[in-house]
Chemist: 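Sharing a structure, written as structure tokens. Questions coming.
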Amino acid sequence: MKDTVIIYVISDAIGETAQHLIRASMAQFTLEGSADIRRHAFVRDAETLIEILGEAKNADAIIVQTLVQKKLAVIASDYCAEHGLPCIDLVSSLTAAIEQKTGQKSKEDPGNMRRLDQHYFDRIAAIEFAVKYDDCKDPRGILEADIVLVGISRTSKTPLSSYLANQNYKVANVPLVPEIPIPTELTQIPRNRIIGLTNSPEKLAAIRKVRLKSIGLDETSSYSSENRILEELDYGYRIFKQLGCRVIEVEDKAIEETAALIIEKVK
């Protein structure tokens, strides 16, 4: 039984969707080897497609295709059926179902999703907003934000701000430090737009020690001490109560999972 799985991603766009799905699926297996993902993007003609399929056949690979042009999708499916190659078509079945439900025909335009539209420009604006108002550089951003994240140091405020910005949310984040009063702007916005972030003392200590080490400072600094962390956590919970905001524990949660919870709570 093989431990290294060769997977050919064939797309008439960039193949990013297929790659994400493959990684999610591979995460469910413990293999001595790994997935050898060979991505072939912008495949727009039959000659190129058949050449790639021939390589995949010689490599005894799995085919994952996201070809929106039906002619190419059929060529790939027929080739795989003829040569006994596993073939996963991520687009055709869903496209056919949408056509049946709406009565419309697919545009079969591979680049359509990536065109510059208002959604794209909104996302860029949200990313710029997150950078500008990261770490409360300018508290005025709190008044304009869709979501405001508050929490003590190392509770994933900045990574979450960036991730949510990619989902088109304007996000500002505010660090909570016992010695520094919170900005008055936090009390001037609806509390449903504010999300408190927290973590366990043990996890915070471990993360902070790594952070200190990475910037060449003493790991035993008060920043990572148990007493300091407990003091900050206590202060954080008092601020959460004062603001009346919802609170999310980020320990052992992926950024995507925490972001989904934030969006759910804000909505």
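The figures that follow rest on heavy atoms only: side chains count, while hydrogens, waters and symmetry mates do not.
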Chemist: Should we say atom CD of Glu47 is surrounded by more than 12 heavy atoms from elsewhere, each under 6.0 Å from it?
Modeler: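 Counting neighbours around CD of Glu47, 12 or fewer heavy atoms of other residues, nucleotides or ligands fall under 6.0 Å, so no.
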Chemist: Within the structure provided, determine whether Leu49 and Leu67 are in side-chain contact (heavy-atom separation under 4.5 Å).
Modeler: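 Yes, side chains in contact.
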Chemist: List the atom of Asp146, the atom of Val266, and the distance in Å for their closest heavy-atom pair.
Modeler: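 Taking every non-hydrogen atom into account, O-CG1, 4.3 Å.
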Chemist: Between Tyr237 and Val148, is there a shared hydrophobic cluster once you connect ILVMFWY residues whose side-chain heavy atoms come closer than 4.5 Å?
Modeler: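 Looking at the clustering, Val148 is in the same group as Tyr237.
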Chemist: How about Thr220 and Asp218: does a side-chain donor come under 3.5 Å of a side-chain acceptor?
Modeler: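 Present: a donor and an acceptor within the cut-off.
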Chemist: Does the side chain of Ile147 reach to within under 4.5 Å of the side chain of Leu160, using non-hydrogen atoms?
Modeler: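 Side-chain contact under 4.5 Å: no.
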Chemist: With sequence neighbours left out, write down each residue that passes ring-ring contact (aromatic ring centres under 6.0 Å, His included) with Tyr163, or none if nothing qualifies.
Modeler: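 For Tyr163 there are no ring-ring contact (aromatic ring centres under 6.0 Å, His included) partners, ignoring immediate neighbours.
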Chemist: Output the distance between atom OG (Ser162) and atom CG (Asp134), rounded to the nearest 0.5 Å.
Modeler: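 Between Ser162 OG and Asp134 CG, I get 7.0 Å after rounding to 0.5 Å.
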Chemist: So Thr158 and Asn173, side-chain contact (heavy atoms from CB on, under 4.5 Å) or not? Walk me through it.
Modeler: CA-CA 7 Å; Thr158 296; Asn173 70 72; 4.1 Å; yes
Chemist: Tell me which donor-acceptor pairs under 3.5 Å the side chains of residues 175-185 have, and how far apart each pair is, sequence neighbours excluded?
Modeler:
unit_1 : atom_1 : unit_2 : atom_2 : d
Glu179 : OE1    : Arg228 : NH2    : 3.0
Glu179 : OE2    : Arg228 : NH1    : 2.8

Chemist: Could you tell me the separation between the CG atom of Leu143 and the CD1 atom of Ile189, rounded to the nearest 0.5 Å?
Modeler: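 Those atoms lie 7.0 Å apart.
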Chemist: To check you understand the geometry: which heavy-atom pair defines the closest contact between Arg123 and Asn168, and what is its length?
Modeler: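 It is CB-OD1, 3.0 Å.
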Chemist: Would you kindly confirm whether Phe240 and Val174 end up in one hydrophobic cluster when ILVMFWY residues are joined by side chain heavy atoms under 4.5 Å apart?
Modeler: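 Yes: a chain of side-chain contacts under 4.5 Å links Phe240 to Val174.
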Chemist: Is there a path of hydrophobic side-chain contacts, each under 4.5 Å between heavy atoms of I, L, V, M, F, W or Y residues, that connects Val9 with Val5?
Modeler: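 Yes, one cluster joins them.
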Chemist: Provide the closest heavy-atom pair for Val68 versus Glu108 in the form atom of the first, atom of the second, distance.
Modeler: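 Distance-wise, the nearest heavy atoms are O-CG, 3.5 Å.
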Chemist: Name all residues meeting the side chain to side chain donor-acceptor pair (under 3.5 Å) criterion together with Asp138; count only those two or more places apart in sequence or in a different chain, and write none if there are none.
Modeler: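 Applying side chain to side chain donor-acceptor pair (under 3.5 Å) to Asp138 gives Arg140.
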Chemist: Could you check if a side-chain atom of Ile239 sits within less than 4.5 angstrom of a side-chain atom of Val150, using non-hydrogen atoms only?
Modeler: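 No - every pair of side-chain heavy atoms lies 4.5 Å or more apart.
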Chemist: Mind telling me whether Phe129 and Tyr133 have parallel, tilted or perpendicular rings, with 30° and 60° as the class edges?
Modeler: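 Tilted: the ring planes of Tyr133 and Phe129 meet at 30° to 60°.
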Chemist: Is a side-chain donor or acceptor of Arg38 paired with a backbone partner of Ala56 at a separation under 3.5 angstrom?
Modeler: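 Answer holds: no.
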Chemist: One thing to verify: whether Glu99 and Lys70 come together as a salt bridge, which I'm taking to mean a side-chain N less than 4.0 angstrom from a carboxylate O.
Modeler: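 A salt bridge links Lys70 with Glu99.
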Chemist: Please report the closest heavy-atom contact between Arg44 and Ala13, naming both atoms and the distance.
Modeler: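 The answer is NH2-CA, 4.3 Å.
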Chemist: Output yes when a side-chain donor or acceptor of Glu249 lies under 3.5 Å from a complementary backbone atom of Glu251, and no otherwise.
Modeler: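 Yes; at least one donor-acceptor contact below 3.5 Å.
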Chemist: Flag yes if more than 12 heavy atoms outside Gln242 fall under 6.0 Å of its CD atom; otherwise flag no.
Modeler: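 Above 12, so yes.
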Chemist: Supply the atom-to-atom distance Gln19 CD to Glu16 CD, rounded to the nearest 0.5 angstrom.
Modeler: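 One gets 8.0 Å once the value is rounded to the nearest 0.5 Å.
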Chemist: Around atom NZ of Lys137, are there more than 12 heavy atoms of other residues, nucleotides or ligands at under 6.0 Å?
Modeler: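 Atom NZ in Lys137 is packed in, count exceeds 12.
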Chemist: Under a single-linkage definition using a 4.5 Å side-chain heavy-atom cutoff for Ile, Leu, Val, Met, Phe, Trp and Tyr, are Val171 and Phe121 assigned to the same hydrophobic cluster?
Modeler: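 Looking at the clustering, Phe121 is in a separate group from Val171.
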Chemist: Is the backbone N or O of Gly151 less than 3.5 Å from a side-chain atom of Lys157, with the two atoms forming a donor-acceptor pair by type?
Modeler: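 A pair under 3.5 Å: yes.
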Chemist: Which ring-ring contact (aromatic ring centres under 6.0 Å, His included) pairs, counting each pair once, include a residue from residues 72-91, with sequence neighbours left out?
Modeler: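 Only Tyr79-His83 qualify under ring-ring contact (aromatic ring centres under 6.0 Å, His included).
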Chemist: When you compare the side chain of Cys80 with that of Ser77, does any pair of heavy atoms fall below 4.5 Å?
Modeler: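 The answer is no; the side chains never approach within 4.5 Å.
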Chemist: Starting from the C-alpha separation in whole Å, work towards a yes-or-no answer on side-chain contact (heavy atoms from CB on, under 4.5 Å) for His40 and Glu55.
Modeler: CA-CA 11 Å; His40 295 268; Glu55 291 178 14; 4.0 Å; yes
Chemist: What I'd like to find out is whether the side chain of Gln65 reaches to under 4.5 Å of the side chain of Val43, using heavy atoms alone.
Modeler: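 The answer is no, as the side chains (C-beta and beyond) never meet within the 4.5 Å cut-off.
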Chemist: Above 12 or not: heavy atoms from other molecules or residues under 6.0 Å from CD of Gln100?
Modeler: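 12 or below, so no.
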Chemist: State whether Glu232 and Arg154 are salt-bridged, where the test is any N-O pair (Lys NZ or Arg NE/NH1/NH2 against Asp/Glu carboxylate O) under 4.0 Å.
Modeler: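 Judged by the 4.0 Å cut-off on N to carboxylate O distance, Glu232 and Arg154 do not form a salt bridge.
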Chemist: Verify side-chain contact (heavy atoms from CB on, under 4.5 Å) between Leu53 and Tyr8, making sure each step is shown before the conclusion.
Modeler: CA-CA 9 Å; Leu53 289 167; Tyr8 271 61; over 6 Å; no
Chemist: Would you check if Ile207 and Asn199 make a side-chain contact, meaning some heavy-atom pair closer than 4.5 Å?
Modeler: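 Yes; the side chains approach each other to less than 4.5 Å.
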Chemist: For atom NZ of Lys253, decide whether the heavy atoms of other residues, nucleotides or ligands shown that lie under 6.0 angstrom number more than 12.
Modeler: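 Buried by this count: over 12 neighbours within 6.0 Å.
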Chemist: Can you tell me how far OG1 of Thr258 sits from CD1 of Ile195, rounded to the nearest 0.5 angstrom?
Modeler: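 Result: 11.0 Å between the selected atoms.
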Chemist: Taking ring-ring contact (aromatic ring centres under 6.0 Å, His included) as the definition, give me every residue that meets it alongside Tyr223, ordered by chain and number, with sequence neighbours left out.
Modeler: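 By the ring-ring contact (aromatic ring centres under 6.0 Å, His included) rule, Tyr223 matches no residue at all.
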Chemist: Check the surroundings of atom CD in Glu226: do more than 12 heavy atoms from other residues, nucleotides or ligands lie under 6.0 Å from it?
Modeler: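 Check fails, neighbour count at 12 or below.
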Chemist: Among Asn192, Ile194, Val247, Ile248, which residue meets the side-chain contact (heavy atoms from CB on, under 4.5 Å) test with Lys265?
Modeler: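 Considering Asn192, Ile194, Val247, Ile248, a side-chain contact (heavy atoms from CB on, under 4.5 Å) with Lys265 is found only for Ile248.
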Chemist: Go through the structure and list residues passing ring-ring contact (aromatic ring centres under 6.0 Å, His included) with Tyr235, not counting sequence neighbours.
Modeler: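 Checked Tyr235 against ring-ring contact (aromatic ring centres under 6.0 Å, His included); zero matches.
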Chemist: Given the rule in the side-chain contact (heavy atoms from CB on, under 4.5 Å) test, do Leu233 and Leu204 qualify, once you have shown the distances and angles that lead to the verdict?
Modeler: CA-CA 10 Å; Leu233 284 171; Leu204 283 168; 3.8 Å; yes
Chemist: List the atom of Arg23, the atom of Ile37, and the distance in Å for their closest heavy-atom pair.
Modeler: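 The pair with the smallest heavy-atom distance is CG-CD1, 4.4 Å.
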Chemist: Is the side chain of Ser161 donor-acceptor paired with the backbone N or O of Ala130 at a distance under 3.5 Å, no angle test?
Modeler: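 No, the answer is negative, given that no donor and acceptor are paired below the 3.5 Å cut-off.
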Chemist: With rounding to the nearest 0.5 angstrom, report the CD1 to CZ distance, Ile142 to Arg193.
Modeler: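 The distance works out to 10.0 Å.
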Chemist: Are Ile255 and Val250 joined in one hydrophobic group, where the rule is that I, L, V, M, F, W and Y side chains link up if heavy atoms are under 4.5 Å apart?
Modeler: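 In one cluster with Ile255: Val250, yes.
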Chemist: For the CG atom of Asp45 and the CG atom of Asp12, what is their distance to the nearest 0.5 Å?
Modeler: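 Result: 11.0 Å between the selected atoms.
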Chemist: Looking at Leu230 and Pro201, what are the two nearest heavy atoms and their distance?
Modeler: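 Shortest heavy-atom contact: CD2-CG, 3.9 Å.
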